> 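Below is one structure. I have some questions about it.
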Amino acid sequence: MKKIFITTALFSSFFFFAQKSESYLQVGYASICCGTPSDKPVMDYIKNFQQKNKIKSLEIYKQSGLGREGEYNLYIGTDGLSKTQKTQFVSGLKAAVSRQNSARRKESDGMVNFSTDETVRKADLSKARNITLYKK
C-alpha cells in the first residue's frame with residue numbers, strides 16, 4: 001500500500017510540474033508557388049532567446065497539413081515567460097519574421113505570418129487536427 005501511494009505521488013508531481021502553457025503565439029508558414037519558407041530563422045531566434053534568458057524550453061506545437069504545398073503553423077507557449085521576457089520575445093520574433101520576409105524572393109518564396117495581436121488558447125489547440133509537439 002505504501003509503495004502504491006509513493007508511486008502515485010511521484011507520477012502526480014511529474015504532471016504538476018510539467019510545463020503547461022495556456023496561451024500560444026501563432027507563426028504561420030504559407031506558400032506562393034514553390035513550398036513554404038524555412039523555419040530556421042524563427043527557431044534560431046527562439047534558441048538564442050532561451051540561451052540568453054536562461055529558459056529551459058518553450059512549449060512548441062506544429063500543425064501540419066494546412067495546404068497542398070505543405071503549409072503549417074507553429075504555436076509557441078509563452079506562459080513560462082515573465083511580462084518583460086514576453087514583451088522582448090514578441091518584439092524579437094516579430095523582427096525575425098520581418099527580416100525573413102524581406103529577404104525572400106517575392107515571385108517564388110512563401111511568406112511567414114505573425115501577428116502580435118493573435119494568441120491561441122490551449123482549448124482551441126485541443127480541437128485542432130494534425131497537431132504534434134515540435135522537436136528540432
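Just so you know, residue 1 is the first one in the sequence shown, and it goes up from there. What you see is a predicted model, and the numbers here were worked out from it, not measured in a lab.
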> Quick one, D109 and I32 - any side-chain contact, counting heavy atoms below 4.5 Å?
no

> Got a second to check how far R121's CZ is from K127's NZ, nearest 0.5 Å?
13.0 Å

> Tell me, do Q50 and S57 make a side-chain contact under 4.5 Å, heavy atoms counted?
yes

> Identify the heavy atoms of G92 and Y45 that sit nearest to each other, and give their distance.
CA-OH, 3.3 Å

> Is there a side chain to side chain contact (heavy atoms under 4.5 Å, CB included) between T119 and Y24 once you walk through the steps?
CA-CA 5 Å; T119 56; Y24 297 84; over 6 Å; no

> Does any part of the side chain of T78, heavy atoms only, come nearer than 4.5 Å to the side chain of L58, both counted from C-beta?
no

> Only one of I76, L133, N73, T132 passes side chain to side chain contact (heavy atoms under 4.5 Å, CB included) with Y61; say which it is.
L133

> Go through it in stages, so that I can follow the logic: the residues are Q63 and Y75, the test is side-chain hydrogen bond (donor to acceptor under 3.5 Å, both in side chains), and I'd like the CA-CA distance, side-chain angles, deciding distance and then a yes or no.
CA-CA 8 Å; Q63 181 181 23; Y75 299 98; 2.8 Å; yes

> For side chain to side chain contact (heavy atoms under 4.5 Å, CB included), just list the numbers for L74 and Y29, CA-CA rounded to whole Å, side-chain angles, deciding distance to a tenth of an Å, and then say yes or no.
CA-CA 8 Å; L74 293 180; Y29 291 85; 3.8 Å; yes

> Check the pair T87, F89 against side chain to side chain contact (heavy atoms under 4.5 Å, CB included), reporting the backbone distance first and the verdict last.
CA-CA 5 Å; T87 304; F89 180 75; over 6 Å; no

> Taking all heavy atoms of N113 and all of A30, pick out the closest pair and write down the distance.
ND2-CB, 3.9 Å

> Do the numbers put K62 on top of the ring of Y134, so that NZ or CZ is under 6.0 Å from the six-membered ring centre and no more than 45° off the axis?
no

> Could you tell me whether the side chain of Q88 and the main chain of Q85 form a donor-acceptor pair under 3.5 Å?
no

> For V112 and N101, which heavy atoms make the closest approach, and how far apart are they?
O-ND2, 2.7 Å

> Taking atom CD of E59 and atom CG of L125, what is their separation to the nearest 0.5 Å?
9.0 Å

> What's the spacing between L25 CG and L93 CG if we round to 0.5 Å?
6.5 Å

> Please confirm whether the backbone N or O of V120 pairs with a side-chain atom of D124, one donor and one acceptor, at under 3.5 Å?
no

> How many angstroms lie between CG in L66 and CD in E71, if you round to the nearest 0.5 Å?
7.5 Å

> Of the non-hydrogen atoms in Q100 and S38, which two are nearest, and what is the gap between them?
NE2-O, 2.7 Å

> Within a strict 4.5 Å, meaning less than it, do heavy atoms of the T116 and K94 side chains meet?
yes

> Test F114 against Q26 for side chain to side chain contact (heavy atoms under 4.5 Å, CB included), laying out the working first.
CA-CA 6 Å; F114 175 65; Q26 178 180 338; over 6 Å; no

> Ignoring hydrogens, what is the shortest heavy-atom contact between D79 and S23? Give both atom names and the distance.
OD1-OG, 2.8 Å

